[in-house]
Every structure is written in C-alpha cells, then in structure tokens.
Amino acid sequence: MKIAVVVQRYGADINGGAELHARYVAEHLARHVSVEVITTCASDYITWRNERASGTESIHGITVRRFPVSRERTPDEFGDWSARVFTRPHSVNDELAWLEAEGPTSPALVDYLRAHDAGYDFFIFFSARYYHAYHGARAVAHKAILVPTAERDGALGLSIFGPLFRGVRALMYNSYEERALIQGITGNHAVPGVVVGIGSEIPERPRPPRFRQKFGMHDRFAIYVGRIDENKGCRELFDFFVRYSTAMLDGLHLVLIGTPVIPVPSHPRIHHLGFVSDQDKFDAMAAADLLVMPSYFESLSMVALEAWALGRPVLANAACDVLQGQCRRSNAGLYYQGYGEFLETLRALDMNPALAASLGANGQRYFQAHYSWPVIERKYLDMLERLSQAPAGRGMEPLPGWFSRRRRTLPPADRIVDAQPRGAATDISEPATERVRPSAGRTQAPAPPAEAPARTSPTPPAAAASPVAAPTGRAEGDARATTEGRTEQSQDRRSRERDPRQEHRGRGHDRSRRHDRQARPAGQGARGSRPPRDARTGTGSSSTPEPNLEETSTPSGSPTSAPAPQPRGDGGDQASPERRPTARRRRRPKGRPGRTEGSPA
C-alpha cells in the first residue's frame, strides 16, 4: 500500500502543531506501508514565501515532493477577507477568495495530485482550512482521508467546508470536542471517522537537574511551552500571573519556552528561555511542578500530552473546549475561567503536593492507554485497511452555479460556529460503524479500558481547587456547571440525526432533560444528591479512561455503556416495551365518562 501525506509545510526543523503532527504520522506509518510527503516550498506560515527548492528530497528516509506557492499571503488582504466572511453576509465566491488569500496557494501541488491519482492508494490531508487540503481533497475525493486539526473558529462556519467534510472517505479526529463541533456544523455523521489524536517522542529518562544547572533555575515553577502569542492566551496569562505573584509572595515562578510574538513582561518571577532543544524542553517539563495551557483554541494540545507522559499535571483555560475535555477525561488536570479560578487552582496545585502527584500519575496512565505510538499506529492502519475493503463513497458535492456563487446570502461564519454548544464533549462513544477493529497479523497494543466515564453533576473548578487529603478517582468531579447544557444538547442532537439541518434550530431542553433523567446511571440520583465537595476535585488515584475503540460491545452487539434513549416522535417520556402500559377499552355504564386504561386519571 502506498500513502501520500499532504501538508502545508514539512521539514525536520518545522515544529508547528499540524506540521509536526503530519511528520510524526508519516514517519510512524512508514514502518508499515510506503509513504511519501507532498508539500509546498514554504517555511514561514505567515507569508508562505518559497524558501525551499521545489523538487524531491529525502527527510528521515521519507521522500518529500515540494511544489511552489504561486502567491504570498498579504496579511492586510487576508484580514479584509476574514472580516467579510466571518462577520458579514457574504457569497460562496467571497469564501473562495478568502481561501486563496489564506494560502498556501499552490495550483501545481493540486495538479500533481490529480495527475498522479493512480499512483497512490490513499491521500492523508492535514489541516482542512488551507488551500492545499480543500482543493487537493476535492481533486482526489475517492481516496482522501482528512485530519482536520480544526479549532473553534469561524473557518468551520464557511459553507465551502461542509461538502469537504461530507465528501472525503474518512476523518481522523484529534478529539471528541473537534468531532462534535464538525458534525454539529456539517452533518457528516455518515462519514467514517475515529478519534485518534497524536503521540509524541518522549525521552525515556529526562534529567531535571541538568536543566536546573544549565539555566540556573532553582525555584519551583510552572512552565508554558509554545508560541508566545495573544491568540494562545499569553497576554491574559501574564496578567493573571503577575497578580498571582502579588497575592502569593512565596508562590511558583513561571518559565516560558517558545518564540515571542508579543513582549514578555519584565518580572522577577517570569523567565523566558526562548527556543530550546528538545532535550532542554523535556528536561524543563520534567523539572516543572505543572504545565499551564492558557490557549483559547486547540484541536489537541501535544504539549499537554507530553506533560502527562512525564507525570506532570496541567492547568488549562476552560474557554478551550478541547483542553477542558482532556482534563476531565484524563482526570489529570484542573481548569480555570477568570482570575479568581486561576488563583485558586494554581494555589491548590502549588500547596497540595498529593493533589499534583495524583493528577500527574493519572496523566501518565491516560497517555499510555490512548496516545502511545502503538495505539495511534493501530488506529491509522485499521482505518486504511477498512477503507481498502470498502467501496468509495458518494463523492464530493459540486459547487453552486455561476449566479448562486455570487449571491451574498450566506450568514456570517462566526454566527454558525457560535450557535454550537460549548464545553467538554459528553458523547465519547464510537458508533458501531466507526469502531476500529484489530487487524490480523499485527501485534496489538494494549487496548484501553472499556468503560466510559460516568456522568456526574458538574461543579465549578474553583471548588475543585480546594486541597484534599485523599484522592477520590472521579474523572468529572471538577467539571464546570456551564457544560451541563452541552450534555443535554448532545442527547437532543442524537434525536435529530435524520435531519442534520435541525442542528442550528431549537435546543429542545425540555425533551433532553427528560432523556437525561432516564439515562442517568444508577447511583447518580438527582442533582441534590451530589458527592461531598472534596470528592469533586478531580484528584482520582486512577484516571477515568476513554472508551475502548476496539471492543466496546457486549455479546449481543450493543455497547457496554448504556445506550442513549431513543426519543419518541411526540417528544414525551419513554418506556421500554415490556413496561409500556397497554391501552384496553373498558365496558362502562351508560352516562359515565370513559377513559382508556393507562391514561391519566
């Protein structure tokens, strides 16, 4: 089998999130199948300037084909098009112009895919929002597998991406939150897909003392790793941490690793190390007390997974649905919204070593169960095998006609995305048609445990920050109350799958609450019967696992977790067939009003 990985930039020296993700996948799949990489000549993601020679080269034993970018990106032009399509009524032509302005615009790359379609079994496209993925996947839709790397931003609300998500052969999602958002907007439930994520190259024995000696860092500290940018929440992080330092005179320091886009404050407890080697990065993360992730938008945080692999807890911004969901499912992190919660959660991790150690241990188990490379490789290879044995789908929907493409009747893209529920995903099941099955002839990685997290009554993370004497093992105990609406909406969304257009209409709170009452696991009780406060800190001694992606069925074929109740057409409460009252007509004396048995008295 021959696979092509198609990505906007590629190189051993390129460490962007999606680009590094693509390189890791290409190098690990190359151990099992023939892999080539198809990319552009760009190195800079701001301008897409051609800085590498076009043609063929080899990187870590993988053939890389580079094609020139026909036009550089102009930030002002791209900003103007973004304002038009994200905030104002617009046309399909406006969206296509936005896509070309964003880049990397490489018609030569798309022409190569179309001309050499027969030379590859499948094409794996990274980053759905870019020119190469949109036009490339349309050119070879019958062999296209998409890794969306989508965040919660306006690009997902553009109408041109709906046919893309519905027309590819399969999707490899980074998280359950990403899947829920894409399916809610595009209605692509019928397209095969699996939540995969990505592994990382974790050193076996990082050396914290080596880091402390090299950089002279002898205080306890929290660490941030990544681009130091306002879009990553760093400006807010600086504000919160300076205020924390004033309130906690003997508290933690903050170490920053990454390239600055905004100025780093001059503060005695903020230390910027710049761009460092992987060895220094992992030594620093192993020496840290915790990792802080202030980003608002992520499709999956690789650095959070690396921190968990090293046994370090994570403090995340609750505004990012993906980070919040990862913290809840792993039971390996806390999250905050606003300065008050930032102060309390950071102080809890600083002052309670048992809490931090318990969360860190949960993170290690979570990483090994779901993000070790044998698990990731198995999911990709099983999807490739499944698609190779199945006929191609219905193909890509065509663009509208000449006049329709020019009508400015499409709503602002931001409005479409904002209409979707927020918070951590509660549906973490894999439908039977999407489950990945083990393949014969390959060594299988240890399967993740089969149970899905029990649904619990959410509680704000501020409460979760209280130090506790003993961990309790409840994965969702520190969940924010704002996610309860998403729980109800996800139940209602399953009742509307036959008509995806209903996703943008009424929320159906009353019906979904009735569903929620009947779907609540035994022992959960009503909202009034919550566990004690310290039982909801999220400090479990063992992580609550994600569902098993291989063997989550009972002998009868139904999932081991309780199936979602099927709504009745009238929206009323449901009763199982064996318990539903049977209507029988009684004989009644004349003159008495009659009623049917089983109807209200």
Side-chain angles (χ1 to χ4, degrees), residues 1 3 5 18 21-22 24-26 28-29 32-33 121-128 133 137 143-150 164-184 186-199 299-300 302 305 322 325-326 329 366-367 369-390 392-393 425-439 442 444-450 452-453 490 494 497 545-553 559-561:
M1 182 180 289
I3 305 300
V5 171
H21 185 168
Y24 282 169
V25 169
H28 281 268
L29 286 183
H32 307 274
V33 297
D121 292 287
F122 293 102
F123 299 86
I124 301 178
F125 292 90
F126 279 80
S127 302
K143 295 183 178 181
I145 299 171
L146 185 60
V147 184
T149 66
L164 180 71
F165 287 114
R166 293 189 294 269
V168 294
R169 290 292 304 277
L171 289 107
M172 311 300 282
Y173 296 105
N174 269 344
S175 66
Y176 292 100
E177 287 73 25
E178 181 190 46
R179 182 182 70 177
L181 183 62
I182 290 173
Q183 290 183 345
T186 68
N188 71 329
H189 305 77
V191 180
V194 64
V195 176
V196 183
I198 186 63
S299 67
L300 180 71
M302 291 179 64
L305 297 178
V322 171
Q326 291 289 93
R329 288 189 292 274
Y366 179 74
F367 179 88
H370 304 290
Y371 297 101
S372 61
W373 275 115
V375 176
I376 301 297
E377 292 173 20
R378 184 193 67 233
K379 293 179 182 179
Y380 271 95
L381 295 171
D382 286 347
M383 180 60 78
L384 292 171
E385 181 177 327
R386 172 187 170 186
L387 295 179
S388 66
Q389 297 174 359
T426 56
D427 179 9
I428 60 172
S429 62
E430 295 291 343
T433 57
E434 297 182 5
R435 290 195 191 105
V436 180
R437 298 294 182 184
S439 299
R442 286 202 302 273
Q444 299 299 320
S490 71
R494 286 195 290 271
E497 284 185 351
E546 304 235 12
N548 192 329
L549 295 178
E550 289 85 36
E551 299 176 359
T552 54
S553 295
T560 55
S561 56

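For clarity, every value in this text was computed on a predicted model and none was experimentally measured. Scope of the values below: all heavy atoms of this structure, side chains included, with no hydrogens, waters or symmetry mates.
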Q) With under 30° as parallel and over 60° as perpendicular, where do the rings of F126 and H21 fit, or are they tilted in between? A) perpendicular

Q) Looking only at atom types and distance, does a side-chain atom of R166 sit under 3.5 Å from a main-chain N or O of G187, one as donor and one as acceptor? A) no

Q. Is a side-chain donor or acceptor of R179 paired with a backbone partner of V195 at a separation under 3.5 angstrom?
A. no

Q: Could you tell me whether the side chain of F123 reaches within less than 4.5 Å of the side chain of L146, counting heavy atoms only?
A: no

(Q) Looking only at side-chain N and O atoms, does Q326 offer a donor or acceptor that is under 3.5 Å from a partner on R329? (A) yes

Q: Could you tell me the separation between the CD atom of E385 and the CE atom of M1, rounded to the nearest 0.5 Å?
A: 7.5 Å

Q.
What I'd like to find out is whether the side chain of V147 reaches to under 4.5 Å of the side chain of V196, using heavy atoms alone.
A. no

Q: State whether a side-chain donor-acceptor pair under 3.5 Å links T149 with S127.
A: yes

Q) What are the two closest non-hydrogen atoms of F125 and A133, and how far apart are they? A) CD2-CA, 4.0 Å

Q: Kindly compute the distance separating CG (L387) from CZ (R169), expressed to the nearest 0.5 Å.
A: 5.0 Å

Q: Spell out, as yes or no, whether a donor-acceptor pair under 3.5 Å connects the side chain of E178 to the backbone of A150.
A: yes

**Q.** Close side-chain approach of I182 and P148, heavy atoms under 4.5 Å
**A.** yes

